[in-house]
Structure formats: C-alpha cells, structure tokens
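Numbers for residues simply follow the sequence, beginning at 1. Predicted, not measured: the structure shown is a model, and the values here were computed from it.
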Amino acid sequence: MLAEVLSIGNEVISGRILDTNAQWLSRRLEEVGYRVRFHTAVGDDAEDLIEAFRRAAGRVDLVVATGGLGPTEDDLTRDALAAAFHLPLEINVEALDQIRALFARRNRVMPQRNELQARFPRGAQAIRNPNGTAPGIELDVAVADHADGPSGGARAAAIDRPGFRPRSRIICLPGVPAEIAEMWDDSVARRLMEHNARGLRIVHKQIKCFGAGESQIESMLPEGFVRQTDPRVGINASATTIIFRISAQSATVDECRAKIAPVVETLYAKLGDLVFGEDDDELETVVCRLLAARGQTVGVIDCGSGGLVAERLGAAAAGAEGFRGGCAPGDTAALVRLAELCGQRAIAGAADGSPTDADTRDSSNAAARAASLAHAARRLWSSDWGLAVGPLPPEGPQASPPRPFAVAAADGNGVQVKELPYAGHPAWLRAWICKQALNTLRLALLRQ
C-alpha cells in the first residue's frame with residue numbers, strides 16, 4: 001500500500017526547524033507495510049492545506065499529516081481537512097474527554113479555547129495522545145468525496161492504478177516528535193496494520209563499505225546488480241562511506257529476509273574486506289567490537305583530523321576498556337614534547353622544525369613519521385595498539401600534485417602504514433582522514 005507524509009507548518013516551509021517527523025514516520029510506515037511515495041510540506045494557509053489533503057488522498061492509500069492541531073488561530077489542520085472533503089466540524093466527545101482528562105491529571109483548569117482541539121470532521125475517530133492536549137484524527141474518505149476538487153487529475157490517475165482503494169485513510173498527528181512516537185506505540189501502528197488489508201511487510205538492510213569509490217565498487221559487482229527490483233538494491237555515498245540499501249516486500253518478515261540474503265552474500269563475496277559493517281555500524285563501532293572480542297586496547301595520536309579519531313572511538317566505546325585515550329598535537333612543539341615523553345627519535349627528527357618541501361614530497365618520510373607516532377601512542381597510553389594520523393603537508397588539499405600524509409596502526413609485532421594523497425573536498429576531508437585511520441586499524445585487527 002502507498003503512503004504520503006504531509007508536514008504542516010510555516011516553520012517547516014521556512015526552514016526554521018528541521019522536519020525530522022517525516023523521516024521518522026517514513027521508517028515506521030515501511031515497517032508496517034506501507035511504501036512511502038511522497039513527502040509534502042505545506043505552510044499554514046487554508047487553501048494550500050485543502051489542496052494538499054485532496055491531492056494526497058487522490059494518489060495514495062494512506063496520508064499521515066503532522067502539525068496544526070493546536071488551539072491557536074494558525075492551527076488550521078482540522079478546518080482544512082473538513083473543508084477538503086465537504087464535511088462539517090463537530091465536537092468529538094471522545095477527544096474532548098481525553099483533553100479534559102489530561103488537564104485534570106495535571107491539576108490545571110482547561111481553557112475554553114482548548115475545546116477547539118476536539119472539533120473533528122464528521123465521521124472521524126479520535127487517536128489518544130497520552131501526554132499531549134491534541135488528540136489525533138483518523139478519517140476515511142472516498143475519492144468521490146472530492147471529485148470536484150482541484151486535484152481531479154491526481155484522482156483519475158489513482159483510479160487507473162492497479163489495486164487502487166476507493167477510500168483513502170487520513171491520520172493527523174500533532175507536530176511534537178515525542179508525542180508522535182508515543183501515539184505510534186500506543187495505537188497508531190496497530191491501527192495501520194489493521195488497515196493494511198494486503199498485510200505486506202517491508203524489510204530493509206544496509207551493507208556499508210569503505211576503501212574504494214562508488215563507481216569502482218559498483219564495477220566489482222554483476223551487471224545490473226543495483227538495478228534489480230525484487231529485492232530493490234540502491235547504492236549511495238555518505239561522507240565517503242559507500243552504502244548499499246536493500247529493500248524487500250513480502251507477506252512476512254522472514255520471507256523478506258529470505259529475499260535479501262542472496263544479495264548480502266553476493267556483496268560479501270565480491271567486495272571482501274571493503275565491507276566493514278551492516279545497518280547502524282560505523283567504522284568506529286566495528287573497531288571497538290573487534291578490540292573487545294580480542295580483549296585489546298588502543299591509544300591514539302592524531303595530527304591530521306583534529307582529534308576526530310579519538311572523539312569517535314571514545315563515543316563508540318561508551319565506557320568500555322578498549323579505548324585508552326587520545327591526543328591531537330597541533331604544532332611542532334607538541335610533537336617534540338611527545339618525542340621526549342615516548343623516546344621516539346623519528347618524531348624528534350621530523351619535528352625539530354617545520355617540514356621541508358623535500359620531506360612533504362617524500363612519501364617515505366610521511367610513512368616513517370606516522371609509524372613512529374603509532375609506536376609512541378602505544379607507549380603513551382600503555383595500550384596493545386597505537387593508532388596515528390601523521391602531520392598534514394604544509395600546503396593545503398588543493399595543492400597540485402597532492403602531497404602525501406600517512407596513517408598507521410602498530411602493535412607489538414609491527415606496524416601497518418597507509419600512505420595517502422592529501423586532497424579532497426573540505427566538506428568531507430576531515431571525516432575521510434579519520435575513517436582512513438580507523439579502517440587501517442580494522443584491517444590490521446582482522447589480519448592479526
């Protein structure tokens with residue numbers, strides 16, 4: 001079944017708030033078997049709202065609207081919904097009782113104006129709002145109800161769609177994210193599963209990769225792999241992580257998972273160590289999981305990402321013992337002090353002045369410096385592993401040709417070093433440097 005999420009409010013249209021409700025609802029709707037086809041945002045204008053409701057009801061089986069259910073003059077959702085389908089507004093006794101009960105629980109007098117929140121289009125049902133003054137609205141409308149509306153074209157297209165339902169369900173929820181989540185768990189999810197007569201379920205799976213570009217990774221897969229439709233497979237890049245998104249639809253969750261399994265097997269078989277995790281995994285969470293499984297620890301010296309490596313490892317470890325600590329020396333004097341503390345002559349040799357042009361052109365110097373920093377990190381933090389991002393070249397990422405820098409991971413048996421060109425878009429360069437360091441440690445742990 002098809003669904004549309006309708007976000008209502010001038011603050012959404014103007015960009016003053018981020019519409020997280022649409023994202024959250026889309027994920028929840030697919031969990032109960034609805035495929036979201038449209039996101040629509042509309043301001044607090046009565047005519048625009050009427051048109052939005054009519055158009056949405058004409059092209060999908062379910063419309064979920066958020067916002068505009070408050071008691072003030074600019075809360076127009078109830079009025080627009082009634083006008084869109086030529087229905088009178090009436091006091092819904094169940095909704096009014098809910099509002100009064102909430103004020104009574106809080107030992108407050110209910111203002112007369114809050115009775116407006118119980119004015120529903122005729123035939124609508126109330127959706128309980130456990131901790132808010134705005135009950136939700138559930139209304140089934142027939143397509144014929146708005147045959148004379150401005151969205152007749154959308155209505156006609158809907159009639160031609162295979163499996164078209166002559167009635168569309170509209171659910172209106174308040175705009176407060178916490179209230180939406182409570183109402184969903186309380187009754188909305190159950191109502192929608194009952195409404196979904198076909199009973200189909202949709203399951204998603206994400207496979208995440210790092211270490212090659214999107215086009216290179218796609219070229220390693222069978223022809224047409226990312227264009228298949230059952231299950232659907234998509235690929236996109238997010239801050240240099242390549243993500244495969246797999247979606248299957250079937251009568252049961254187990255059937256969906258059975259469709260997804262061969263796709264996942266192909267990705268692992270073809271991409272190997274480029275695959276680092278699934279679903280909510282990030283490189284730092286995978287690294288922390290590998291360290292915990294081996295009972296090992298890591299310390300960090302990070303001269304290149306501004307401390308992002310330690311920040312992400314610290315957040316992922318969440319109090320676990322795997323991450324011992326990190327530092328981000330920002331100048332030559334700090335590197336000299338590290339050399340004194342850790343007895344690493346290579347650091348001192350590289351840090352007794354600004355790097356020369358010859359140093360920054362010579363990748364072996366960058367590699368040696370990163371290797372020494374990784375060994376220093378082990379000693380500094382008394383850890384099993386030392387992870388380091390070496391100093392960046394004096395010229396910026398737009399230099400031509402790109403100058404090298406290096407990342408390194410060291411344990412008691414040696415050091416793994418990766419040399420890289422310092423080049424890339426400023427929007428993602430720092431995150432890319434951080435991920436290169438984390439991925440170097442991940443691969444070293446896997447090969448241990």
Side-chain angles (χ1 to χ4, degrees), residues 210-211 276-277 281-352 365-392 405-420 422 430-448:
F210 184 80
F276 71 80
D281 284 339
E282 300 294 347
L283 277 165
E284 58 268 24
T285 58
V286 172
V287 165
C288 287
R289 193 160 60 232
L290 290 170
L291 288 169
R294 292 159 173 75
Q296 295 180 329
T297 57
V298 64
V300 176
I301 295 176
D302 177 4
C303 301
S305 79
L308 189 58
V309 176
E311 178 184 329
R312 291 193 174 181
L313 281 173
E321 296 181 357
F323 175 61
R324 299 299 300 273
C327 62
D331 56 24
T332 298
L335 282 176
V336 171
R337 179 58 176 157
L338 276 176
E340 294 172 352
L341 288 172
C342 305
Q344 293 291 321
R345 292 184 178 180
I347 299 177
D352 56 2
N365 286 335
R369 193 175 300 118
S372 295
L373 285 168
H375 286 299
R378 286 189 68 226
R379 178 175 295 187
L380 181 65
W381 300 106
S382 301
S383 55
D384 299 292
W385 287 89
L387 182 61
V389 180
L392 300 180
F405 76 102
V407 297
D411 69 351
N413 299 315
V415 61
Q416 304 291 321
V417 182
K418 185 170 185 179
E419 300 167 358
L420 299 154
Y422 181 47
R430 183 167 170 256
W432 175 74
I433 292 170
C434 171
K435 289 180 181 182
Q436 288 288 357
L438 293 170
N439 199 49
T440 298
L441 178 55
R442 177 183 73 92
L443 294 174
L445 285 163
L446 289 175
R447 294 164 185 161
Q448 196 178 42

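You'll find the side chain of Phe323 reaches within 4.5 Å of the side chain of Val298, heavy atoms only. Taking 4.5 Å as the limit, every side-chain heavy atom of Arg312 sits out of range of all side-chain heavy atoms of Glu282.
Between the NZ atom of Lys435 and the CZ atom of Arg442 there is a distance of 12.5 Å, given to the nearest 0.5 Å. We find the CZ-CG distance between Arg289 and Leu445 to be 12.0 Å, quoted to the nearest 0.5 Å. From Leu313, atom CG reaches atom CG of Asp302 across 10.0 Å, with rounding to the nearest 0.5 Å. Here the straight-line distance linking atom OG1 of Thr285 with atom CZ of Phe276 works out to 7.5 Å at 0.5 Å rounding.
Looking only at distances, a side-chain donor or acceptor of Arg294 sits under 3.5 Å from a matching main-chain atom of Leu290. Between the Arg430 side chain and the Ser305 main chain, a donor and an acceptor come within less than 3.5 Å of each other. Panel note: side chain Thr440, backbone Ala408; no donor-acceptor pair is recorded below 3.5 Å. With hydrogens and angles ignored, the 3.5 Å screen pairs a side-chain donor or acceptor of Arg324 with a backbone N or O of Ser382.
For Glu311, there are no salt bridge (Lys or Arg N to Asp or Glu O under 4.0 Å) partners, not counting sequence neighbours. Ala328 meets the side chain to side chain contact (heavy atoms under 4.5 Å, CB included) test with no other residue; sequence neighbours excluded.
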Determine all donor-acceptor pairs shorter than 3.5 Å in which one atom belongs to a side chain in residues 385-392; sequence neighbours excluded.
{"unit_1": "Trp385", "atom_1": "NE1", "unit_2": "Gln296", "atom_2": "OE1", "d": "2.9"}

